[in-house]
Amino acid sequence: EVQLQASGGGLVQAGGSLRLSCAPSGFSFDDYAIAWFRQAPGKEREGVSCITSDGRTYYIDSVKDRFIVSSDNAKRTVSLQMNSLKPEDTATYFCAADWKGGICAYRIDSGDSGTWPDYGMDHWGKGTQVTVSS
């Protein structure tokens, strides 16, 4: 059974930090890139960051230099360290799996760090809520 279990959300003041974790299971870790998406109230779900099985990373402009995505192959987990959080980061955050990292690699190679629409992910996990107060 394919699972993408995300955890680590919570309530934090602006300027604070949170670390989200995703624990994929039920498929080969090397066959997928792992992506983080988020959905704010009243907004469409958008991509935030991703990491390929080869360790290449991607961030949208609004989180670049504040968020860090990393993987631990031994533990089979992917983390999203979120620093200097802003109220506009408030959203439900989702972990998703990208077959062969095709979409993640495309975002990296295209140089497009703008809005990343929600499409093409092969597996989705349940979201974890992140709330940033002013």
Side-chain angles (χ1 to χ4, degrees):
E1 181 181 353
V2 174
Q3 294 186 62
L4 290 160
Q5 191 167 39
S7 61
L11 175 64
V12 65
Q13 293 187 52
S17 298
L18 285 172
R19 186 178 181 88
L20 306 184
S21 295
C22 177
S25 64
F27 53 85
S28 176
F29 198 67
D30 292 337
D31 286 342
Y32 295 86
I34 301 298
W36 289 96
F37 280 71
R38 67 185 180 187
Q39 187 167 26
K43 303 292 185 180
E44 297 294 320
R45 187 156 61 181
E46 65 173 358
V48 176
S49 180
C50 65
I51 184 167
T52 69
S53 61
D54 294 328
R56 300 170 70 201
T57 59
Y58 169 87
Y59 308 90
I60 57 172
D61 282 334
S62 61
V63 308
K64 190 175 182 180
D65 299 323
R66 297 190 298 119
F67 292 9
I68 302 171
V69 66
S70 62
S71 63
D72 186 330
N73 290 338
K75 296 181 179 179
R76 289 181 55 84
T77 60
V78 172
S79 298
L80 184 68
Q81 178 68 42
M82 305 185 296
N83 301 315
S84 301
L85 283 162
K86 304 175 180 179
E88 53 261 43
D89 294 318
T90 295
T92 301
Y93 283 72
F94 300 86
C95 177
D98 172 22
W99 171 246
K100 295 297 184 182
I103 294 173
C104 185
Y106 181 82
R107 296 295 295 189
I108 294 169
D109 294 338
S110 72
D112 185 358
S113 55
T115 302
W116 179 5
D118 175 12
Y119 76 96
M121 295 293 109
D122 297 282
H123 303 287
W124 288 92
K126 295 181 179 179
T128 185
Q129 179 66 38
V130 172
T131 302
V132 184
S133 63
S134 60

Any pair with a residue in residues 105-134 that passes disulfide (SG to SG under 2.5 Å), sequence neighbours left out, goes on the list, sorted by first then second residue, please. none
Say you draw a straight line from CG of Asp98 to CD1 of Ile34; how long is it, rounded to the nearest 0.5 Å? 8.5 Å
Hey, what's the ring geometry for Phe37 with Trp116, parallel, tilted or perpendicular (30° and 60° as the breaks)? tilted
With sequence neighbours left out, the residues meeting side-chain hydrogen bond (donor to acceptor under 3.5 Å, both in side chains) with Ser7 are none
Please find the pair of heavy atoms, one from Arg76 and one from Ser25, that lie closest to each other, and give the distance. NH2-CA, 4.0 Å
Got a sec, which residues hit side-chain hydrogen bond (donor to acceptor under 3.5 Å, both in side chains) with Asp61, two or more places apart in sequence or on another chain? Ser113
What pairs of residues pass the salt bridge (Lys or Arg N to Asp or Glu O under 4.0 Å) test when at least one of them lies in residues 36-46, not counting sequence neighbours? Arg38-Glu46, Arg38-Asp89, Arg45-Asp118
Hey, could you give me the CH2/CG distance between Trp36 and Leu80, rounded to the nearest 0.5 Å? 6.0 Å
If you measure from CZ on Phe67 to OG1 on Thr57, what distance do you get to the nearest 0.5 Å? 14.0 Å
Considering only heavy atoms from C-beta outward, does the side chain of Ser49 approach that of Met82 to under 4.5 Å? no
Using distance only, find each side-chain donor-acceptor pair of residues 125-134 under 3.5 Å and give its atom names and separation, not counting sequence neighbours.
residue	atom	partner	partner atom	Å
Thr128	OG1	Gly9	N	3.1
Gln129	OE1	Thr92	OG1	2.9
Gln129	NE2	Thr131	OG1	3.3

Quick check: do Thr52 and Ile108 have side-chain heavy atoms less than 4.5 Å from each other? yes
Kindly give the heavy-atom pair with the smallest separation between Tyr58 and Gly114, and that separation in Å. OH-O, 3.8 Å
What residues, two or more places apart in sequence or in another chain, satisfy salt bridge (Lys or Arg N to Asp or Glu O under 4.0 Å) together with Asp54? none
With the 4.5 Å side-chain cut-off for hydrophobic clustering, are Trp99 and Tyr106 part of the same group? no
Those residues that, when tested against Thr115, pass side-chain hydrogen bond (donor to acceptor under 3.5 Å, both in side chains) (two or more places apart): none
Who are the side-chain hydrogen bond (donor to acceptor under 3.5 Å, both in side chains) partners of Lys100, not counting sequence neighbours? Asp31
List the residues meeting salt bridge (Lys or Arg N to Asp or Glu O under 4.0 Å) with Arg56, not counting sequence neighbours, and say none if there are none. Asp109
Quick one: does Tyr93's side chain have a donor or acceptor within less than 3.5 Å of a partner on Gly8's backbone? no
Suppose we screen for salt bridge (Lys or Arg N to Asp or Glu O under 4.0 Å). Which residues come up paired with Lys86, at least two apart in sequence or across chains? none
My understanding is that only residues two or more places apart in sequence, or in another chain, count here; which of them pass side chain to side chain contact (heavy atoms under 4.5 Å, CB included) with Ser84? Arg66
Applied to residues 94-134, the disulfide (SG to SG under 2.5 Å) test, sequence neighbours excluded, yields Cys22-Cys95, Cys50-Cys104
